[in-house]
Amino acid sequence: PVFAGMKGSAIENFSCVIYNIFLMNCTWQAGRDAPADTQYFLYWQNSKDEEEMECELYIKDENCRNMGCIFQNVSIGIEKAYFLVNGSSKDSLIQFYDEYIDLYKIEILTAPLNVTAHCTRDPMSCIITWHPPLTSHVENTKCFQYEISIQNK
């Protein structure tokens with residue numbers, strides 16, 4: 001594909017993470033050959049049915065260049081989300097960067113809720129129960145797997 005813009009001007013190391021159930025943080029680095037005055041803008045679309053939206057809360061570096069974005073009230077749908085970062089400079093055209101991301105793959109899950117353990121001596125056994133973690137998934141929580149690590153004191 002032919003990309004308009006100066007080679008090496010598109011952002012690099014784009015990455016996003018979802019945390020605290022509904023917050024998403026995306027960051028990137030300036031293209032290594034981008035002019036010093038380059039400013040970047042992030043747009044995203046959670047699904048084909050939703051409108052493309054620009055970041056509302058940019059993370060800026062010491063030169064006031066946008067280097068990331070914090071999103072609030074994110075929900076994880078079934079489709080991949082689309083991200084586009086384009087740039088502008090008075091010196092030259094800046095290449096854009098885009099990527100489709102499965103949001104469930106970048107979510108840092110909270111711990112399971114209400115973990116309880118009931119142990120008896122006779123017979124020596126424990127019943128451990130918990131509720132699924134809170135998540136921004138719109139799908140059901142049956143797909144979660146858990147691992148219990150028991151340390152004998």
Side-chain angles (χ1 to χ4, degrees), residues 1 3 5 8-34 38-87 94-153:
F3 293 108
S9 62
I11 60 152
E12 300 172 10
N13 298 328
F14 182 79
S15 118
C16 298
V17 65
I18 293 174
Y19 61 101
N20 286 1
I21 303 156
F22 58 82
L23 298 176
M24 181 167 66
N25 196 347
C26 295
T27 56
W28 58 84
Q29 288 169 327
R32 66 192 78 176
D33 297 325
T38 306
Q39 182 60 286
Y40 294 104
F41 305 96
L42 170 61
Y43 299 86
W44 87 301
Q45 195 174 13
N46 203 351
S47 72
K48 288 187 202 80
D49 303 329
E50 292 185 30
E51 266 183 66
E52 194 171 273
M53 297 175 296
E54 185 181 357
C55 170
E56 290 181 359
L57 190 57
Y58 282 108
I59 302 162
K60 296 178 180 290
D61 66 9
E62 61 278 1
N63 303 318
C64 265
R65 182 186 272 178
N66 298 336
M67 300 308 290
C69 181
I70 297 168
F71 298 92
Q72 298 168 324
N73 302 321
V74 173
S75 67
I76 296 175
I78 303 159
E79 298 174 43
K80 288 178 186 263
Y82 175 67
F83 294 85
L84 167 73
V85 181
N86 61 25
I94 305 300
Q95 289 180 329
F96 71 86
Y97 172 93
D98 66 346
E99 185 178 354
Y100 285 92
I101 298 176
D102 276 315
L103 295 185
Y104 73 88
K105 290 180 179 174
I106 61 166
E107 182 175 23
I108 298 170
L109 293 171
T110 59
L113 303 169
N114 301 338
V115 179
T116 60
H118 295 290
C119 298
T120 57
R121 289 226 162 140
D122 221 6
M124 195 68 160
S125 68
C126 290
I127 296 173
I128 301 170
T129 60
W130 60 87
H131 292 135
L134 297 171
T135 173
S136 66
H137 282 63
V138 291
E139 293 300 286
N140 69 33
T141 53
K142 288 183 181 153
C143 57
F144 290 111
Q145 293 183 350
Y146 301 92
E147 183 178 293
I148 298 173
S149 170
I150 299 172
Q151 269 100 47
N152 229 345
K153 297 257 174 173

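We number each residue from 1, following the sequence as shown.
The backbone N or O of Cys64 lies less than 3.5 Å from a partner atom in the side chain of Gln39, making a donor-acceptor pair. The main-chain N or O of Gly31 is never found under 3.5 Å from a side-chain atom of Ser9 such that the two would form a donor-acceptor pair. Remark: side-chain polar atoms of Arg65 are paired, donor with acceptor, to backbone N or O of Thr38 under 3.5 angstrom.
Contact record, Ala111 with Pro133: O-CB, 3.7 Å, taken as the closest heavy-atom pair. Shortest non-hydrogen contact noted between Ile106 and Ile101 is CG2-CG2, 4.0 Å.
Side chains of Leu109 and Thr135 form a contact here, defined as non-hydrogen atoms less than 4.5 Å apart. Side chains of Trp130 and Ile148 form a contact here, defined as non-hydrogen atoms less than 4.5 Å apart. A heavy-atom distance below 4.5 Å is not found between the side chains of Tyr40 and Tyr97. Contact annotation: the side chain of Thr120 approaches that of Ser125 to within less than 4.5 Å [non-hydrogen atoms, C-beta and beyond].
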> Taking it one step at a time, do Val74 and Trp44 satisfy side-chain contact (heavy atoms from CB on, under 4.5 Å)?
Replying inline: CA-CA 11 Å; Val74 173; Trp44 87 301; 4.2 Å; yes

>> Assess the residue pair Phe14 and Leu42 against the criterion (side-chain contact (heavy atoms from CB on, under 4.5 Å)); give the C-alpha distance rounded to whole Å, side-chain angles, the decisive distance to 0.1 Å, and a yes or no.
In response: CA-CA 11 Å; Phe14 182 79; Leu42 170 61; 4.2 Å; yes

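Thr116 contributes atom OG1, which lies 8.0 Å from atom NE2 of His131 (distance to the nearest 0.5 angstrom). Atom NZ of Lys80 is separated from atom CD of Glu99 by 9.0 Å, given to the nearest 0.5 angstrom. Interatomic distance, Asp98 CG to Phe83 CZ, rounded to the nearest 0.5 Å: 11.5 Å.
Residue Ile108 places its CD1 atom among more than 12 non-hydrogen atoms of other residues, nucleotides or ligands, all under 6.0 Å distant.
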When the side chains of residues 16-29 are checked against the rest of the protein, which donor-acceptor pairs come out under 3.5 Å, sequence neighbours left out?
unit_1 : atom_1 : unit_2 : atom_2 : d
Trp28  : NE1    : Asn66  : O      : 3.1
Gln29  : OE1    : Asn13  : ND2    : 2.3

Can you give the donor-acceptor pairs under 3.5 Å from side chains of residues 46-57 to other protein atoms, not counting sequence neighbours?
unit_1 : atom_1 : unit_2 : atom_2 : d
Asn46  : ND2    : Ser75  : O      : 2.8
Ser47  : OG     : Asp49  : N      : 3.4
Glu54  : OE2    : Tyr58  : OH     : 2.7

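With hydrogens and angles left out, the side-chain atoms of Gln151 and Ser149 include a donor and acceptor closer than 3.5 Å.
For Tyr43, there are no ring pair (Phe, Tyr, Trp, His ring centres under 6.0 Å) partners, not counting sequence neighbours.
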